[in-house]
Amino acid sequence: MRVKKPRGVFDILPDKLEKWQHLEGVVRDLAHVYGYREIRTPIFEFTELFQRGVGEETDIVAKEMYTFPDRRGRSLSLRPEGTAAVVRAFIEHNMHAWPQPVKLYYIGPMFRYDRPQAGRYRQFHQFGVEVFGCAEPAVDAEVIKLLLQFYEVLGLKGISLEISSVGCPKCRNEFTDALVSYIRPQTAGLCKDCRNRLHRNPLRLLDCKEPGCRGLLTEAPVPLNYLCPVCAAHFAALRNELLALNISYNINPHLVRGLDYYTGTSFEVMHAGIGAQNAIGAGGRYDNLVQTCGGPPTPGVGFAVGIERTLMALQDQGIGFPDAAQEGVFVVSVGEGTLRHALRVVQALREAGIRADRDYAGRGLKTQLKQAHRRGVKWVVIVGEEEISRGNVALRAMDTGEQIEVNESELIPRLRAWRA
RNA sequence: GUGGAUGUAGCUCAAGCGGUUAGAGCGCCAGACUGUGGAUCUGGAGGCUGUGGGUUCAAGUCCCAUCAUCCACCCCA
């Protein structure tokens with residue numbers, strides 16, 4: 001039996017990859033302009049990093065990690081998200097001694113052992129930014145602005161931004177107590193999942209899609225009403241910053257992020273039309289994460305973008321990218337013994353930096369032209385016995401069918417002039 | 001981990017109630033057209049019908065299992 005790819009992963013073929021490369025270019029340009037520098041961390045880390053960083057109780061760590069022992073029995077895991085590793089690197093390289101804030105971005109594959117579905121894969125790709133060492137709401141606003149501008153540059157419409165604050169651990173504990181005591185008398189009306197959430201992670205009750213639960217929760221306490229004065233002031237200041245940046249948003253008091261490390265600000269960008277997994281980018285503040293991972297107390301804020309989901313959203317809207325057209329030249333040889341001559345022409349073009357290809361087998365002229373046509377090249381150079389005898393080659397424009405004969409030495413300057 | 005749908009050529013799909021050599025369109029290769037692409041016509045290659053069992057004289061078709069894909073739940077980007 002043929003070997004097939006594992007479940008939930010995919011190949012990216014050239015046609016598609018050109019879209020990826022365009023998106024990656026947008027990421028790099030934008031991050032650069034905003035003053036972020038790229039960091040690359042390993043694909044795997046000690047399992048403990050994610051247990052401590054992401055949280056042992058989260059589904060991601062509890063049941064979705066690719067975890068395996070290395071040859072000495074240490075437990076390693078493929079990274080399920082990007083932030084924990086960046087935090088580890090921040091600590092390990094003493095970045096707190098760098099000029100603050102430290103602004104980093106990353107782009108690369110992540111791994112989660114989930115059941116595949118629209119917009120969800122076992123190996124997927126994220127681009128994200130992290131800012132360390134500045135607790136100002138202005139930074140929260142900056143990363144949100146960067147996130148939105150990313151979609152804007154790509155041309156994606158129909159996105160919505162939702163923001164909220166889950167508060168610091170102190171506010172969160174108060175809120176959780178209030179929520180549990182509010183909902184406990186009505187436990188019977190909750191769905192099975194929510195009865196479970198009540199014990200494991202009461203916050204998630206707010207996120208339930210069951211109409212019955214939503215009904216019970218309309219009047220329930222929300223984190224925003226339990227913020228301590230500091231967290232409340234931060235959230236108010238963030239709203240002002242967003243206003244200054246002309247960013248429109250919805251406050252979603254039921255917005256809940258799935259990772260334990262979030263504190264305060266949280267936000268999510270959604271796009272309808274890519275299926276049930278409609279979050280295409282999300283993030284928030286994590287002011288305790290660096291310390292939790294063994295570093296000095298350092299505030300942080302960042303986001304992650306799902307690249308596959310973003311590309312899906314673009315496709316859903318029929319947004320094409322600037323065609324990475326098959327610019328280039330196809331060299332056709334005609335007649336006995338012209339293959340060698342065609343090789344020299346191809347080589348000269350390539351060494352001049354012009355994309356050039358040819359037929360290797362000396363097939364018929366018609367066939368070679370057909371090849372050139374199908375490749376979509378704009379120019380064909382015909383190296384034929386007749387032209388060679390005059391020291392020339394023929395240059396044919398495939399779009400107009402116009403064909404002229406030029407001296408071989410003029411070929412490259414001529415192509416260069418026309419390329420503009 | 002749970003539930004539903006679907007697996008036939010590279011792609012999109014046919015094949016009566018189980019019946020003889022599994023077809024078509026598109027694509028691919030070639031020829032018509034030994035010096036000119038997109039059109040037309042002709043021919044060719046390409047299949048263990050996802051895989052493994054079972055029922056039957058006979059299975060693409062019915063049954064079971066398994067794998068994969070899609071969709072949804074859980075969860076998340």
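Below, chain A is the first sequence line, B the second, and so on; all start at residue 1. No experiment lies behind these values; they were computed from the predicted model shown.
When the side-chain nitrogen and oxygen atoms of A:Arg374 are compared with OP1 and OP2 of B:rC29, one or more of them lie within a distance under 4.0 Å. Applying the 4.0 Å criterion to OP1 and OP2 of B:rC73, one finds that A:Gln117 has a side-chain N or O inside that range. The side chain of A:Arg7 places an N or O atom within less than 4.0 Å of a non-bridging phosphate oxygen (OP1 or OP2) of B:rU69. Side-chain N/O atoms of A:Arg363 include one lying less than 4.0 angstrom from OP1 or OP2 on B:rA30.
Side-chain atoms of A:Glu130 and A:Tyr286 include a donor-acceptor pair closer than 3.5 Å. If you check the side chains of A:Asp140 and A:His234, you find a donor sitting under 3.5 Å from an acceptor.
At least one donor-acceptor pair closer than 3.5 Å links the side chain of A:Asp287 to the backbone N or O of A:Gly300. Judged by distance alone, with hydrogens and angles left aside, the side-chain atoms of A:Ser75 form no donor-acceptor pair with the main-chain N or O of A:Pro69 at under 3.5 Å.
As a whole-Å value, the separation of A:Leu259 CG from B:rC75 P is 13 Å. Separating the CZ atom of A:Arg115 from the P atom of B:rA68 is a distance of 10 Å, rounded to the nearest angstrom.
Classification of the A:Phe10-A:Trp20 ring pair by plane angle, with boundaries at 30° and 60°, yields tilted.
Side-chain contact check for A:Val222 versus A:Asn225: some heavy-atom pair is nearer than 4.5 Å.
With B:rG38, B:rA72, B:rC75 as the candidates, the nucleotide lying closest to the side chain of A:Ala118 is B:rA72.
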Original post:
Could you spell out the base pairing of RNA chain B in dot-bracket, with Watson-Crick or G-U pairs whose two distances are under 3.5 Å, [ ] crossing and | to another strand?
Top reply: (((((((..((((.....[...)))).(((((.......))))).....(((((..]....))))))))))))....

